[in-house]
Amino acid sequence: MKIIRIIAEVCLLYVFFLAGGYLQELLHLPIPGSIVGLLLLFVLLLLKIVPVKLIENGSSFILAYLPMFFIPATAGIMNHLDIFSGRGLLLIGILVISSVLTMVVTAHSSQWIAARSVKRLTRRTYRARNVQGKGKEA
Amino acid sequence: MRILLAASFVLMNVVIYLVMSILYRRYRLPVLLPALTATFTVVVLLMGFHISYETYMIGGDWINRLLGPAVVSLAYPLYKQRHVLWKNLPAILGGTVTGLMVGMFSGLLMAAGLGFSKLYVLSILPKSITTAVAIQISSNLGGDSSLTSVFVMVAGFTGAIGGPYIIKLFRIRSESGIGIGLGTASHALGTAKALEYGEESVSMSSVAMTVCAIVGSIAGPLVAWIMYH
């Protein structure tokens, strides 16, 4: 029974994917149709138009086996094996350096933003408390 | 005949993946991640039996077709963690956008600077984004999806293996910073690593990963356009 439910839900996700592709072409959006489908589903979930129960099993199933769906696309590397030798190894170095940079910059800028908003929040409550205090004095 | 061939390739794919998952669950080593070992096994088998990639893709395409709904299904974890997203929106969005830009430009500039062709440069561009979305962005821009898929894996391993050293060396202190950093730079592999830093890290990382995919699919074409116009 559960398997039928999963298949039906995956079909529904496929419909969202197709709808995303259709919208993307219709509106000439520069983003992939699958992302449009993701945003569409997310908004409909937020608005409670699509109940989460309707996609829960299917999504969990796909996401649990996600790496399996990449195998065919990744296996295409057999036509590009030169990247694992000679100059190709430079690419690996570039990827590692750039990924480290991405992680460090992301983490520090998000920490900086989080610290700033905490400071603003405490300043606001401090000011509010001060105003209250003055009110009492008068 | 063609359908039989396709079905047997699909079956091969599923069986290899399941076997490799069991192996990974037993030893839990990053090098045994099924995405890596299963792909490696498939490539070795194809080359050993002199089967061309094009022949294999008669069946592979069936699986490929599920990548679209796989991207859509990312809406579910994002919805489940919407409270994390709303509560930390400035930090997540600000961190992800800044990091993604630095990541995209640094990769492009280094690759182009060292004289790699446009195909390689464009395939590097979406490396920090989760595979299903990255290969879509790459092929839309004129990159190669299998190169991108391998590059995404390298970016993932950088965070999953190098993460703890990066966190110490560059003094990343908050749980949320660690999570957002790992999710943006190393997608699902980074999120798996974030497990070791606590609940907040994981949820931040998983939300950052999806936000990164959405922002990246908008920013990717823009960055490519800036580079090549």
Side-chain angles (χ1 to χ4, degrees), chain A residues 10 13-14 16-18 20-21 30-35 37-39 41-42 45-46 52 55-56 58-60 62-63 65-80 83 90-92 94-111 113-114 117, chain B residues 13 17 34-35 38-39 42-43 46-47 53 60 63-64 66-76 78-79 90-91 94-95 98-99 102-103 106-107 110-111 114 127-128 131 135-136 140 145-147 149-151 154-155 158-159 166 170 172 174 176-177 180-181 184-185 214 217-218 221:
Chain A
V10 171
L13 291 168
Y14 205 90
F16 272 95
F17 165 60
L18 293 177
I31 53 177
S34 52
I35 289 284
L38 187 171
L39 291 171
L41 176 58
F42 184 57
L45 284 170
L46 286 177
V52 72
I55 50 106
E56 212 164 25
S59 302
S60 305
I62 291 192
L63 293 172
Y65 293 98
L66 195 57
M68 186 179 75
F69 303 113
F70 306 152
I71 298 171
T74 316
I77 201 67
M78 64 190 278
N79 292 336
H80 297 277
I83 67 155
L90 273 177
L91 284 173
I92 312 286
I94 293 171
L95 287 162
V96 171
I97 295 171
S98 173
S99 299
V100 172
L101 267 176
T102 309
M103 184 171 158
V104 173
V105 171
T106 306
H108 277 289
S109 47
S110 73
Q111 278 184 359
I113 294 168
S117 49
Chain B
N13 220 62
Y17 177 77
T39 309
V42 167
V43 169
L46 293 180
M47 292 177 87
Y53 179 61
I63 297 176
N64 247 357
L66 283 168
L67 282 175
V71 174
V72 174
S73 69
L74 288 170
Y76 172 59
L78 190 64
Y79 174 76
T98 323
V102 170
S106 64
M110 279 191 276
L114 288 169
K127 67 171 185 316
S128 79
T131 312
I135 56 184
Q136 187 84 68
N140 281 0
S145 37
S146 31
L147 281 175
S149 183
V150 169
F151 295 162
V154 177
T158 306
I166 301 169
F170 293 94
I172 303 169
S174 73
S176 65
I180 299 172
T184 303
I214 297 168
S217 69
I218 300 166

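Chain naming here is simple, since letters A, B, ... match the order of the sequence lines and numbering starts at 1 in each.
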Under 4.5 Å, counting heavy-atom pairs only, tell me which of [options] racks up the most with chain A.
{"options": "B:A75, B:A70, B:G103", "result": "B:A75"}
{"options": "B:L78, B:V150, B:V72", "result": "B:V72"}
{"options": "B:I63, B:L74, B:N140", "result": "B:I63"}
{"options": "B:G60, B:G68, B:A35", "result": "B:G68"}
{"options": "B:I218, B:L46, B:I172, B:N64", "result": "B:I172"}
{"options": "B:S106, B:A38, B:S128, B:G94", "result": "B:S106"}

Compare all side-chain heavy atoms of [X] with those of [Y] and state whether any distance is below 4.5 angstrom.
{"X": "B:T158", "Y": "A:L95", "answer": "no"}
{"X": "A:P72", "Y": "B:N13", "answer": "yes"}
{"X": "B:I135", "Y": "A:F70", "answer": "no"}
{"X": "B:S149", "Y": "A:I77", "answer": "no"}
{"X": "A:I83", "Y": "B:F151", "answer": "yes"}

Greatest number of heavy atom pairs closer than 4.5 Å to chain B - which of [options]:
{"options": "A:A73, A:A114, A:G33", "result": "A:A73"}
{"options": "A:T74, A:I97, A:V105", "result": "A:T74"}
{"options": "A:Y14, A:F16, A:Y65", "result": "A:Y14"}
{"options": "A:L90, A:L46, A:V52, A:I55", "result": "A:L46"}
{"options": "A:L101, A:I92, A:N79", "result": "A:N79"}

Can a donor-acceptor pair be found, under 3.5 Å and without considering hydrogens, that links the side chain of B:T39 to the backbone of A:A75?
no
Testing the basics here: between [X] and [Y], what is the closest heavy-atom pair and its distance to 0.1 Å?
{"X": "B:K127", "Y": "A:S98", "answer": "NZ-OG, 2.8 Å"}
{"X": "B:Q136", "Y": "A:S34", "answer": "OE1-OG, 3.9 Å"}
{"X": "A:S110", "Y": "B:A91", "answer": "CB-O, 3.2 Å"}

Distance, nearest 0.5 Å, that separates [atom1] of [X] from [atom2] of [Y]:
{"X": "B:I214", "Y": "A:L39", "atom1": "CD1", "atom2": "CG", "answer": "4.5 Å"}
{"X": "A:I62", "Y": "B:Y76", "atom1": "CD1", "atom2": "OH", "answer": "13.0 Å"}
{"X": "B:L147", "Y": "A:L91", "atom1": "CG", "atom2": "CG", "answer": "8.5 Å"}
{"X": "B:L67", "Y": "A:L66", "atom1": "CG", "atom2": "CG", "answer": "8.0 Å"}
{"X": "A:I113", "Y": "B:I180", "atom1": "CD1", "atom2": "CD1", "answer": "8.5 Å"}

Worked check of side chain to side chain contact (heavy atoms under 4.5 Å, CB included) between B:F170 and A:V100
CA-CA 10 Å; B:F170 293 94; A:V100 172; 4.1 Å; yes
Given the rule in the side chain to side chain contact (heavy atoms under 4.5 Å, CB included) test, do B:L66 and A:V10 qualify, once you have shown the distances and angles that lead to the verdict?
CA-CA 9 Å; B:L66 283 168; A:V10 171; 4.1 Å; yes
Would you kindly say whether B:S73 and A:S59 are connected by a side-chain donor-acceptor distance under 3.5 Å?
no
May I have the step-by-step check of side chain to side chain contact (heavy atoms under 4.5 Å, CB included) for B:V71 and A:F17, ending in yes or no?
CA-CA 8 Å; B:V71 174; A:F17 165 60; over 6 Å; no
Before giving the answer on side chain to side chain contact (heavy atoms under 4.5 Å, CB included), spell out for B:V102 and A:T102 the whole-Å C-alpha distance, their side-chain angles and the decisive distance to 0.1 Å.
CA-CA 6 Å; B:V102 170; A:T102 309; 5.7 Å; no
Please look at B:P221 and chain A and tell me whether the side chain, the backbone, both or neither of the residue comes under 4.5 angstrom of a heavy atom of that chain.
side chain
